[in-house]
Amino acid sequence: MKDINTTTVKQIYRQPQEYFNKRLTLAGWIRSNRDSKAFGFIELNDGSFFKNIQIVFEEEKLDNFKEVTKLGVGNAIIVDGILVETPNAKQPFEIKAESIQVEGYCPSEYPLQKKRHSFEFLRTIAHLRPRTNTFSAVFRVRSILAYAIHKFFQERDFVYVHTPIITGSDCEGAGEMFRVTTLDWNNLTRNDKGEIDFSDDFFGRETNLTVSGQLSAEAYAMAFRNVYTFGPTFRAENSNTPRHAAEFWMIEPEMAFADLYDDMALAEDMIKYIFSYVLEHAPEEMEFFNKFIDQGLLDRLNNVINSEFAHVTYTEAVELLKKNNDNFDYKVEWGTDLQTEHERYLTEHVYKKPVFVTDYPKEIKAFYMRLNDDGKTVAAMDLLVPGIGEIIGGSQREERLEILDQRIRELGMKEEDYWWYRDLRKYGGTRHAGFGLGFERAIMYLTGMSNIRDVIPFPRTPKSAEF
RNA sequence: UCCUCAGUAGCUCAAUGGCAGAGCACUCGGCUGUUAACCGAGGGGUUACUGGUUCGAGUCCAGUCUGGGGAGCCA
């Protein structure tokens, strides 16, 4: 097959003067086709760029003019033509076609139309929705954001650690897990108590998909000092909300010789860096979101980037929120977790910018968070941002083995299940801290998309794994 | 898992318990610069599924399935 030496639409938009009045070959898909008696216009998208380019075709130039007028949305074509400036038209330039060849026909029952579709409908055709404007923008931003995250950490000499996806640890403690097994469930071996015998299983023990890479990351932080994970995470919770999926990605940095303040400084730097990076590298997409998805988007993101994040302790926050208790569905009281309505009130009305809430009661936080001197609170932090509430949760970890053991016992857990995690404290353990950022939550915040199912290519949610 | 709303043409939606409709899309025709092009004509339906009430059900009732939103859980 002959190579197609094509110019991309992105190249043309970025440096049009390089291509004016030259003959180019473009390859792409028809987004719209309007024809008159002797000429017509095709909106072509070649995948390289968010925007389309207009192709003008004329009867006297094309021997297959009649065929081209019949090509509807979705047809894949190869276009030869001259790029010309169109200073008086809506678009800055267009291609005057010399030839148009069909690469792949698209019949008229193609489900995508020129007009707007509901996101609900597009979820039922998840294999075709990347061809729409919104999803083209969402998934290009997803890619750029992933790169920005790596770039941020790599520039600061953090080591990227691939923590396991299959875990033998049943004590990650963040919700229901998916079991991984090769056992034949029609023929299970059971012991005399009727329990399944996992010694016959592939790994010789019960294994699951990971719900967090944090415990493994702590081990690597004790060797490399600053590390981060960025990978898939699985939760078998029956959560039916626009913010939860069974398979999602998380970013979890972990730093040795660092306390809660170092942790918060890192989180603030990271958020500002990755948001700025996407705004700079996907301007067309971000403008589209601001116009069609969420009209306050750019103002909100710029406010995050340009403000100094606020800090408040949980105890202080509770006092602030109590003054407004009449307006909350759930009344605030010291010792209870903050609801989304409380978080949003703090960040949107009290501070009007991102705010770290720190030092939560130990009862509502995980066992590994470092106990404060008051004996009642732990060195935890949540970053709340206007628009959604919590976007990051982190903590300084408990590095003192005797106190960690005490917490493990208080919560009815078994020390031996955490033997290697406890070793990290035994052998040269240092103060250390880290946090978790839900990758999809960050994409949602950046794009204004309100459903997590619309920022994952093929989302997995309860009762849904069609693709 | 709980609460709540919805399911009618390919899509987005109408239709008081009384003949199943529109716009867009699609097919055909027209139009010499369109921009969600425009103008004319045409085809297109197991009203999610099962049962019930009724002379008569898209509409009322019960159950099931699927989807949206809220809650819980959390990222």
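Quantities reported herein were computed from a predicted structural model and do not represent experimental measurements. Every chain is numbered from 1 and lettered A, B, ... according to where its sequence line falls, protein lines coming before strand lines. All values below were derived from every heavy atom in this structure, side-chain atoms included, with hydrogens, water molecules and symmetry-related copies excluded.
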Within less than 4.0 Å of OP1 or OP2 of [N], is there a side-chain N or O belonging to [X]?
X: A:Arg34; N: B:rU34; answer: no
X: A:Arg243; N: B:rG72; answer: no
X: A:Asn451; N: B:rG69; answer: yes
X: A:Ser32; N: B:rA37; answer: yes

Name the orientation class of the two ring planes belonging to A:Phe41 and A:Phe39 (parallel below 30°, tilted from 30 to 60°, perpendicular beyond 60°).
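Rings of A:Phe41 and A:Phe39: perpendicular, over 60°.
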With sugar-phosphate meaning primed atoms plus P, OP1 and OP2, does [X] contact a base, only sugar-phosphate, or nothing at under 4.0 Å between heavy atoms?
X: A:Glu58; value: nothing
X: A:Thr233; value: nothing
X: A:Ile452; value: base
X: A:Phe435; value: nothing

Rounded to the Å, how far apart are [X] [atom1] and [N] [atom2]?
X: A:Phe57; N: B:rU34; atom1: CZ; atom2: P; answer: 15 Å
X: A:Phe41; N: B:rU34; atom1: CZ; atom2: C1'; answer: 4 Å
X: A:Phe234; N: B:rC74; atom1: CZ; atom2: C1'; answer: 17 Å

With nearest nucleotide decided by heavy atoms, which residue, A:Val56 or A:Tyr110, maps closer to the 5′ end of RNA chain B?
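Per heavy-atom nearest nucleotide, the more 5' residue is A:Tyr110.
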Say whether, by atom type as modelled, one donor and one acceptor occur between the side chain of A:Lys10 and the main chain of A:Gly47 under 3.5 angstrom.
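No: the side chain of A:Lys10 does not pair with the backbone of A:Gly47.
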Strand-adjacent residues in residues 114-132 of chain A, judged by heavy atoms under 4.0 Å from RNA chain B:
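Result for residues 114-132 of chain A: A:Lys114, A:Lys115, A:His117, A:Ser118, A:Glu120, A:Phe121, A:Arg123, sorted by number.
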Name every residue in residues 141-152 of chain A that has at least one heavy atom under 4.0 Å from any atom of RNA chain B, in order of residue number, or write none if there are no such residues.
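Here the set is empty: none.
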Does the base of B:rC73 carry an N or O that pairs as donor and acceptor with the side chain of A:Ser239 under 3.5 Å?
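Pair found.
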Nucleotide nearest A:Lys96 (side chain, heavy atoms from C-beta), chosen from B:rG69, B:rG33, B:rG29:
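For A:Lys96, the side-chain atoms sit closest to B:rG33.
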For residues A:Tyr228 and A:Tyr160, establish whether the separation of their ring centroids is below 6.0 Å.
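Yes; A:Tyr160 has its ring centre under 6.0 Å from that of A:Tyr228.
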Where does RNA chain B form stems of at least three consecutive Watson-Crick or G-U wobble pairs, each pair having both distances below 3.5 Å?
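Paired runs of 3+ in RNA chain B: B:1-7 with B:65-71, B:10-13 with B:21-24, B:26-30 with B:38-42, B:48-52 with B:60-64.
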